[in-house]
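Step one of this worksheet: look at the structure below.
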Amino acid sequence: MDVIRKIRDCIRASSLTQKEISAKLGISEDSMVRYLKGTSQFKLDMLIRLSEILQISLIELLTDEVFTNLSVEEEELLEAYQRADAGTQKIVRKILDIPEDRSKSSESLNGKVG
């Protein structure tokens, strides 16, 4: 997976704006844009801080791996949702009040759960 795309996806999936993340990293918004466009490269210490800000592991940030601490019941619910057709998934999102744009962002984060 393209690391920059993964980082952008993780930022979109978070509740933080690029401006807030830039401030927490101690960099300008312009610098953040350059990092996210790939015209500047993230240094390891910044990637570590970014993973902490996004509250995910560095491995999750840099790979397709997704690690969670789901209970057995939560894993079963997630698997049932993933097996459901698009119409059923839409109903579930509506019942749980999950905005449509948020569900599309999280689709790109779908990976291994365990």
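Inter-residue side-chain proximity for Ile27 and Arg34 is flagged as unmet; no heavy-atom pair is nearer than 4.5 Å. Proximity of Tyr81 to Arg93: side-chain heavy atoms (C-beta onward) are separated by under 4.5 Å at one or more points.
Expressed to the nearest 0.5 Å, how far CE of Met46 lies from CD1 of Ile53 amounts to 9.0 Å. Note: Ile7 CD1 to Arg12 CZ = 12.0 Å, rounded to the nearest 0.5 Å. Interatomic distance, CG of Leu47 versus CG of Leu54, reported as 10.5 Å (0.5 Å rounding). Taking SG of Cys10 as the reference point, atom CG of Leu50 lies at 8.0 Å (rounded to 0.5 Å). A distance of 5.0 Å separates OG of Ser51 from CG of Leu58, quoted to the nearest 0.5 Å. Atom CG of Leu16 sits about 5.0 Å away from atom CD1 of Ile21, to the nearest 0.5 Å.
Hydrophobic cluster membership is shared by Leu25 and Leu44, with clusters built from Ile, Leu, Val, Met, Phe, Trp and Tyr side chains linked at under 4.5 angstrom. In this structure, Phe42 is a member of the same hydrophobic cluster as Ile48, with clusters built from ILVMFWY side-chain heavy atoms closer than 4.5 Å. At a threshold of 4.5 Å between side-chain heavy atoms, the hydrophobic network of Ile, Leu, Val, Met, Phe, Trp and Tyr places Ile11 and Val3 in one connected group. Using a 4.5 Å cut-off between side-chain heavy atoms of Ile, Leu, Val, Met, Phe, Trp and Tyr, with links allowed through other members, Met32 and Ile4 fall into the same hydrophobic cluster.
A donor-acceptor pair is defined here as one N or O able to donate and one able to accept, closer than 3.5 Å; such a pair exists between the side chain of Gln89 and the backbone of Ala84. Distance alone, capped at 3.5 Å, is enough to place a donor-acceptor pair between the Lys6 side chain and the Glu60 backbone.
Within 6.0 Å of CD in Glu20 there are more than 12 heavy atoms belonging to other residues, nucleotides or ligands.
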